[in-house]
Amino acid sequence: MQRLFCSRWFISGVSLAVGAGVGVALSSGSNRFLPEDGLLQRIPIIPMPSVNAASEIIPYQHGQLTPSKSTAAVKYGFPSLSHIKSRESYITCYDPRNRTPAWVIEQLNAEALTGTSDRKLCDFKEDEAVHVYHRATNSDYRGSGFDRGHLAAAANHKWSQKAMDDTFYLSNVAPQNPHLNQNAWNNLEKYCRSLIKHYENVYVCSGPLYLPRQESDGKMYVKYQVIGKNHVAVPTHFFKVVILEKKRGEVELRTYVMPNTPVDEKIPLERFLVPIESIERASGLLFVPNILKRTNSLQAITARV
DNA sequence: TTTATTGT
């Protein structure tokens, strides 16, 4: 895991600047791609199938207009759909195998950050919307040595007590090194909140990573601890993708990765910037597909600053 | 200020 931070990513970072010219190109196409579109347009997941409509979900086959024979294979249902949940304060995709979120996305703005909500009134709680087989519980975390680290941060949702309460579902939480959670990661969250002063809109997508590393036999393995009776996975790293909209519609992306270990908070946050592509490859996710997938002409986007 | 855990 140290390798990630020794590589050139460590210093270079990336910031994709979508210029004003691209903004015009966007609006000349389908409205779906306008930056003003809401949170839902930015979910890093491809289409939501409609439940019970097997023929709509079966993989597309070239030149085939009738439902494929494999429709019958799912007569008794799909083992999973996409586990998207919408909450008062955020939208999340749950990872039932790891008992943590796969990602959580939230919009930060002055209204959301202002209010009298009090985290002392909140308790971490099981998410009863998650099947018991796949649900993390407080007892899984107790005595584990890990914090219940929020992905959508409580302080991002002070506007309503309910919104803050919703961030305390364990489906919005992953085992996090206490030092990281309370120092460097907390600083990154504070920094994200501070960005609302300088940008029209701030969207934040956070999640766990399980990065491979070389073991002593020279081969690459993904190794991670699991805690509690439910074997809640301990991520090796965490990512944060910050989507910043300027007043003229320009979009800037910043992608951070921190290891799930103590991190010296004197290290400037910029040192944790990585290219968004590296997170997309490592996580299996695609961020801002509405911008980056739109055309083949990535050259229209300035890909390094 | 915000992030938390543990023990009573």
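Every value quoted in this text rests on a predicted model; they were computed, and no experiment measured them. Only heavy atoms go into these numbers, but all of them, side chains included; no hydrogens, no water, no symmetry mates.
- The shortest distance between the side-chain N/O atoms of A:Lys158 and the OP1/OP2 oxygens of B:dT2 is below 4.0 Å.
- Of the side-chain N and O atoms in A:Arg119, one or more sit less than 4.0 angstrom from OP1 or OP2 of B:dT3.
- If you chain together ILVMFWY residues whose side-chain heavy atoms come under 4.5 Å of each other, A:Phe146 ends up grouped with A:Phe124, A:Tyr141, A:Met164, A:Phe168, A:Leu170, A:Val173, A:Ile227, A:Val232, A:Val234.
- Regarding A:Leu121, its CG atom lies at a distance of 15 Å from the C1' atom of B:dT2, rounded to whole Å.
- Using modelled atom types, one finds a donor on one side chain and an acceptor on the other under 3.5 Å when comparing A:Asp217 with A:Tyr221.
- Distance CG (A:Asn186) to P (B:dT3): 6 Å, rounded to an integer number of Å.
- Taking the ring centroids of A:Tyr203 and A:Phe287, they lie at or beyond the 6.0 Å cut-off.
- For B:dT5, the OP1/OP2 oxygens have no side-chain nitrogen or oxygen of A:Arg142 closer than 4.0 Å.
- Taking atom CG on A:Asp123 and atom P on B:dA4, their separation rounds to 13 Å, with Å as the unit.
- The nucleotide whose nearest atom lies closest to any side-chain atom of A:Lys190 is, among B:dT1, B:dT5, B:dT3, B:dT1.
- The CG atom of A:Asn187 sits 11 Å away from the C1' atom of B:dT1 (whole-angstrom rounding).
- In this structure, OH of A:Tyr191 is placed 18 Å from P of B:dT3, rounded to the nearest angstrom.
- For the pair A:His150 and B:dT2, the criterion of a side-chain N or O lying under 4.0 Å from OP1 or OP2 is not met.
- Nucleotide B:dT3 holds its C1' atom 8 Å from the CD atom of A:Glu189, rounded to whole Å.
- Both tests do not hold together for A:Lys246 against A:Tyr199: distance to the six-membered ring centre under 6.0 Å, angle to the ring axis within 45°.
- When heavy atoms are screened at a 4.0 angstrom cut-off, A:Lys120 is found touching no nucleic acid atom at all.
- Rounded to an integer number of Å, the gap from CG of A:Asn260 to C1' of B:dT3 is 14 Å.
- Residues forming a salt bridge (Lys or Arg N to Asp or Glu O under 4.0 Å) with A:Lys158 (at least two apart in sequence, or on another chain): none.
- Residues from residues 168-181 of chain A that place a heavy atom under 4.0 Å from any atom of DNA chain B, listed by number: A:Asn181.
- Here the C1' atom of nucleotide B:dT2 and the CD atom of A:Glu265 are 12 Å apart, to the nearest Å.
- Residues A:Arg271 and A:Tyr256 have side chains that never bring a donor and an acceptor to within less than 3.5 angstrom of each other.
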